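Heavy atoms only: backbone and side chains are in, while hydrogens, waters and symmetry mates are out. In what follows, chains are A, B, ... by sequence order, proteins preceding strands, each numbered from 1. Everything numeric in this text was worked out from a predicted model, so none of it was measured.
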There are 2 protein chains.
Amino acid sequence: MTKMARVKLQDVAKLAGVSVTTVSRVLNNRGYLSKQTINKVHQAMEELNYRPNAVARQLYKQRTDLVGLVFPTVNNPFFGQLEAELETRLYELGYRVVMGNSQNNPGKEEQYLQLLFNGQIDGLIVGAHNEGIEAYHNTNLPIVSIERIVSKQIPVVAADNYQGGCLATQRLLDAGCQHIIHTNYPATLATPNQERRRGYEELMTKYGREKLTYEISFDLPDDQKAAVFDRLFAEHPECDGIFADNDTNARLAINAAQKAGKRVPEDVKVIGYDGASSTRLLFPDLTTIQQPIPEMAQAAVDLLQKRLAGQAVESVTLPVKLIPGLTG
Amino acid sequence: MTKMARVKLQDVAKLAGVSVTTVSRVLNNRGYLSKQTINKVHQAMEELNYRPNAVARQLYKQRTDLVGLVFPTVNNPFFGQLEAELETRLYELGYRVVMGNSQNNPGKEEQYLQLLFNGQIDGLIVGAHNEGIEAYHNTNLPIVSIERIVSKQIPVVAADNYQGGCLATQRLLDAGCQHIIHTNYPATLATPNQERRRGYEELMTKYGREKLTYEISFDLPDDQKAAVFDRLFAEHPECDGIFADNDTNARLAINAAQKAGKRVPEDVKVIGYDGASSTRLLFPDLTTIQQPIPEMAQAAVDLLQKRLAGQAVESVTLPVKLIPGLTG
DNA sequence: GTGAAAGCGCTAACAC
DNA sequence: GTGTTAGCGCTTTCAC
């Protein structure tokens, strides 16, 4: 608000000829009040265009009804949809959402954690990709993570990554691919994502195939990611199947394959991961493993609510689904 | 935070054997303090693991360093990129961002405006698509809008929509299209978007062509939008050019065209709008008019800062760019 | 150099 | 039914 002296409870009380308590009661609909008083107060509030100060309330109540959302970047089909779903659900529960994009700024994740310790937010949902922060190791914090292993005490909502890895690899194997390459985050990152790799590797071993994973950091700029795929096809011209760890990487793989003179899916089959709504819309032909984003959001919100209520909670794993397309 | 009695200034003061004033001074690095006192206090803070309560501070300072972002939905390539860019810039200025997705919930936009009046946020950047809200008509509010006309007193950051409309239409005309159809929001919506239509209509008139705009509400579910394009090609089989008002509609137009047995671009040329980064990545072949999203975010943040400082500001218009692709 | 006390705007005991 | 008052945790004027 601009600087004009804000109207406060006291001003309303004075105008209505009652005490601040009474005004507060009217405001919160609490305790016994005569019809007449209520009217007087309402009238005074109207006349002064009174707005209760939320911060003063927060100070007294020791809660802000704000929840932090910390993910790498909202400029991404998966995280964009996920954060939209989270916001919608939290809003209905009376929470507003503070959005933090931690990509390319390692300190940011910790800053948002500080908001929690500072009492500026009541809870936190994290899916950032940075490394272990000491402060997480504090039991009973109102924090939930999505697709990321933060610490022992913080529950994780994840899609069934192992299942996803198996579904994708099996499909490529069934289609006759001999040389399937997988892409994933660096193995050092503590994310359930690595389970996709496990599924891929187990199946490859079972079928007696060579397994190979290219590690691609999520934070890399797009052109550098594209360069990795160029390198991949240069180093492995025999590659006839790609199981990418997300849909945009799948697109980059297809671009690189075509650049290398290969046809998709005739020469190389490509399967992506995520199946976010805007990806499906823009690139409907992509074969992909779809994560249940709305359900993941709902599960995270449910867990957070319980956490906020001081209840113990368990991690949640949800099933994924293969969406057949024309690329693999 | 969980319920364990929070450590406060007083506790630190007691342990350090000084007054709360002194602790506050150490905390804020203000006034004269002996080296020794500073050390004592720091030690006490450490020992108690003290975290200053942000809300108490906010109450005194009468500012929260929170800025609201209200757009239809962050689950969209354009708004996703825009909000990510806004968050990055605002973060660097010391602001945190409260995200509101107003799509399919008309009351929400007003709720976020209330956060401003309640003192829960310091400023607001809006690009929602709902109808006139009375409370906006209050001069000098710290609000900036993006691509939306909110009220006379609120500055607008927009890309040059008229230019965009001309660029797209001209390209289709130059390519020999005879029957170009445009899609846009319903004309009742007060958005600079309508300038695209003006550009389109002026050129069509100049070239003596029939002009026709299909109005597609942004809030429609995707399948209903798709149905509009099916109808379009059924009603106008002669259509050989589409100037869509955004890239996802361009994609839907292409789908519908192909469903109707037309080849793109041989039979129908399609030009989209927005050119957001994730769209470019997933659908690089799309010919589109690209909005300068990073610059728009920067301009909005600049305007908001001035607004917060009580300065008068002017609306800003930025140039767009045609990105040639294979669809039109 | 440091401390006492008022006050930011609101809520809720407790009293009447 | 309604009012008085303490207090949420912090900052800052003013005094010493």
Inset, instruction - Look at B:S34 and C:dT2 and indicate whether a side-chain polar atom (N or O) is within less than 4.0 Å of OP1 or OP2. - result: yes
Inset, instruction - Just call it for B:V55: base, sugar-phosphate, or nothing, with non-hydrogen atoms closer than 4.0 Å on any strand. - result: nothing
Legend entry - Test: B:K14 and B:E47 ion pair at under 4.0 Å: no
Inset, instruction - Round to the nearest Å and state the distance from A:Y60 atom OH to C:dG7 atom P. - result: 21 Å
Inset, instruction - Could you tell me the separation between the CZ atom of B:R30 and the P atom of C:dT2, rounded to a whole number of Å? - result: 16 Å
Inset, instruction - Look at A:E92 together with B:K108 and state whether they make a salt bridge at an N to O cut-off of under 4.0 Å. - result: no
Inset, instruction - Find the distance B:K14:NZ to C:dG3:P and express it as a whole number of Å. - result: 14 Å
Inset, instruction - State, without any angle test, whether A:N39 and A:Q43 hold a side-chain donor-acceptor pair at a distance under 3.5 Å. - result: no
Legend entry - Between C:dG7 (C1') and A:L59 (CG): distance, integer Å: 12 Å
Inset, instruction - For B:L33, report the nucleic acid contact type (base, sugar-phosphate, nothing); a contact means any heavy atom under 4.0 Å. - result: sugar-phosphate
Inset, instruction - Look at the side-chain N and O atoms of B:Y32 and state whether any lies under 4.0 Å from the OP1 or OP2 oxygen of C:dG3. - result: no
Legend entry - Side-chain-base donor-acceptor pair under 3.5 Å for B:R25 and C:dG3: yes
Inset, instruction - Report yes if at least one side-chain N or O of B:S19 is closer than 4.0 Å to OP1 or OP2 of C:dA4; otherwise report no. - result: no
Legend entry - Residue that, paired with B:Y50, satisfies side chain to side chain contact (heavy atoms under 4.5 Å, CB included) out of B:V41, B:L27, B:D11, B:L15: B:L27
Legend entry - Among C:dG9, C:dT2, C:dG3, the one nearest B:T37 by side-chain distance: C:dT2
Inset, instruction - Using atom CG of B:L9 as one end and atom P of C:dA4 as the other, report the distance to the nearest whole Å. - result: 13 Å
Inset, instruction - Please report, rounded to the nearest Å, how far the C1' atom of C:dT11 is from the CZ atom of A:R63. - result: 15 Å
Legend entry - Quiz item: B:T21 side-chain donor-acceptor pair to C:dA4 base, under 3.5 Å: yes
Legend entry - Heavy-atom contact window of chain B on DNA chain D, given 5' to 3' at under 4.0 Å: D:dC8 to D:dC14
Legend entry - Length of the line joining B:K40:NZ and C:dG1:C1', which is rounded to integer Å: 11 Å
Legend entry - Proximity of A:F71 and A:F78 rings by center, below 6.0 Å: no
Identify all side-chain donor-acceptor contacts of residues 98-105 of chain B below 3.5 Å with residues at least two apart in sequence or on another chain.
{"unit_1": "B:Q103", "atom_1": "NE2", "unit_2": "B:D219", "atom_2": "OD1", "d": "3.4"}

Inset, instruction - Round to the nearest Å and state the distance from A:Q62 atom CD to C:dG9 atom P. - result: 18 Å
Inset, instruction - May I ask you to check whether B:Q120 and A:Q58 show a side-chain donor-acceptor distance below 3.5 Å? - result: yes
